[in-house]
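Below is one structure, written out as structure tokens; the observations come after it.
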Amino acid sequence: MNVDIGNALASVASPGISREALESIDDQVAVAHERIEAGMDAGEHGYEALNLPERTDTDEIRLAADRVTGPETSAIITVGIGGSALGAATITDALNGADDPEAIYLDNVDPEWLTSELARLDLETTVVNVVSRSGTTAETLANFLVVREAFESAGVDWTERTIVTTGESGPLRDLVDRHDLPSLEVPDGVPGRFSALSAVGMVAAAVCGHDLDALLEGAAAEAETLTGSLFECPAYAYGATAYALDARGAGINAMMPYAESLETYAEWFAQLWAESLGKDDLGQTPVRALGATDQHSQLQLYRAGPRDKLVTFVSAEEGADREIPDTDVDDLAYLGDATLGELLDAEFEATEASLAAAGRPNVRVEIERVDEFELGGLLYGMEAACVLAGELYGVNTFEQPAVEWAKKATRGLLGGGEFEEAEAVAEKTELRIER
Ligand SMILES: O=P(O)(O)OC[C@H]1O[C@](O)(CO)[C@@H](O)[C@@H]1O
């Protein structure tokens with residue numbers, strides 16, 4: 001990935017970063033990089049994620065996926081949530097074509113939605129990909145039990161079509177052992193949201209026939225750029241700029257890719273940024289947006305609302321295109337002479353310029369095209385940017401203790417044990433306004 005931070009400079013935007021400030025931030029980046037490198041060398045928890053390009057065994061993933069996949073495979077259901085779904089979904093939503101198996105992600109426990117998803121699938125030719133690092137996530141286990149029952153009710157042998165990625169122990173590991181299911185291990189020391197470039201994010205991609213090695217090669221090429229200066233490393237330039245803008249008031253980061261195929265990438269980024277940096281009353285709030293669509297819903301706010309946002313654009317230089325048919329309507333002639341791709345590019349450049357003209361900070365992240373190599377680089381680059389930002393914020397980037405309260409409350413409410421959190425739910429302060 002390439003990064004252009006020109007529109008984040010104080011000469012263009014407010015909040016903005018002066019060149020002097022950028023120089024002094026670069027001194028902090030040098031110190032942070034030493035820490036990151038030391039963590040990577042030692043294989044420390046979290047930092048280990050940045051070693052995945054060398055560590056992930058794509059042959060092992062393909063072998064396991066081949067045990068449940070055949071030429072007749074029409075769909076793959078991934079049962080997982082958060083980091084156990086978003087990385088995989090980002091890859092297949094970006095790369096899947098019409099001839100690839102459909103990739104479905106059951107990352108919620110909405111009964112109506114889940115029932116309709118299962119009802120529309122040919123379970124005979126559907127693969128089940130169960131992913132959970134802890135092996136204890138309620139939503140994933142509940143959905144798996146429902147999916148298994150659906151297969152059994154349809155008289156389809158789920159054990160021949162199910163692959164599991166989980167830790168060394170836990171209920172899912174027991175299931176694997178009991179039914180001799182093909183399985184892979186979540187990489188040690190790699191938090192879920194940083195595991196897209198491991199078996200966690202790659203089984204679905206393997207079943208859909210994507211080039212896992214090219215994904216890792218793209219990530220490895222990005223890893224090559226990790227040096228002690230933001231002026232040499234696109235990932236660090238992005239992380240440092242986002243952090244510096246937050247420190248100057250841009251507490252919101254709207255991730256706005258200009259490609260439908262990257263919409264899920266913005267969701268993946270939201271978990272990465274929120275769960276990693278949202279600590280100790282700090283952290284930049286990620287917002288998911290999509291270009292050109294959200295020009296017609298959010299841009300008014302981004303351009304004329306509070307000066308509390310960074311807008312991050314992601315654009316792909318190349319891609320398939322489609323002519324806009326000629327028209328005999330004079331006013332539309334300018335469209336007839338263009339392609340949809342040219343229109344999208346013009347929309348992107350115009351929107352980027354419109355924010356700069358209004359003095360609103362924005363950053364451009366460029367990839368050459370949406371393919372395995374470039375996507376691997378983008379995912380790795382944003383992970384490295386996040387690790388760098390975490391060092392600058394001085395937070396523990398790799399834990400997410402704040403999510404445990406609601407999990408305990410949920411378990412208590414369902415009779416899964418005594419939890420004070422569950423009691424607190426009953427003590428809600430009410431001020432109801434009824435129709
Ligand atoms: O992979 P697991 O353990 O099922 O967890 C799923 C997700 O839930 C979280 O723990 C948050 O609740 C995320 O960090 C994680 O990606």
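Both backbone and side-chain heavy atoms feed into the values below; hydrogens, waters and symmetry mates do not. As the structure lists them, so they are numbered: ligands from 1, and atoms in each ligand from 1.
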Do the charged groups of R55 and E48 touch, with an N to O distance under 4.0 Å?
-> yes
Could you note down all residue pairs passing side chain to side chain donor-acceptor pair (under 3.5 Å) where residues 150-167 supplies at least one of them, sequence neighbours left out?
-> E124-R161, E152-W158, D157-T159
Anything under 30° is parallel, anything over 60° is perpendicular, the rest tilted; go ahead and classify W273 against F269.
-> parallel
Among R133, E275, K407, which residue places a heavy atom closest to atom 10 (O) of ligand 1?
-> K407
Can you check salt bridge (Lys or Arg N to Asp or Glu O under 4.0 Å) on R369 and E317, steps first, answer last?
-> CA-CA 6 Å; R369 67 195 69 76; E317 304 302 294; over 6 Å; no
Side-chain touch I76/I104, heavy atoms, less than 4.5 angstrom = no
Distance to 0.1 Å, residue and atom name: give those for the protein heavy atom nearest to atom 1 (O) of ligand 1.
-> S84 OG, 2.6 Å
Which heavy atom of the protein is the closest neighbour of atom 5 (O) of ligand 1, given with residue, atom name and distance?
-> T137 OG1, 3.5 Å
Which bit of Q400 is near ligand 1, meaning a heavy atom under 4.0 Å away: side chain, backbone, both or neither?
-> side chain
Give the numbers and elements of all ligand 1 atoms closer than 4.0 Å to a heavy atom of S134.
-> 2 (P), 3 (O), 4 (O)
Relative to atom 7 (C) of ligand 1, which among V79, I81, D107 owns the nearest non-hydrogen atom?
-> I81
Nearest-neighbour protein heavy atom for atom 16 (O) of ligand 1, which is reported as residue plus atom name and distance = G83 N, 2.8 Å
Near V403 (heavy-atom distance under 4.0 Å), the atoms of ligand 1 are 11 (C), 12 (O)
Side chains of S183 and R173: do they bring a donor and an acceptor to under 3.5 Å?
-> yes
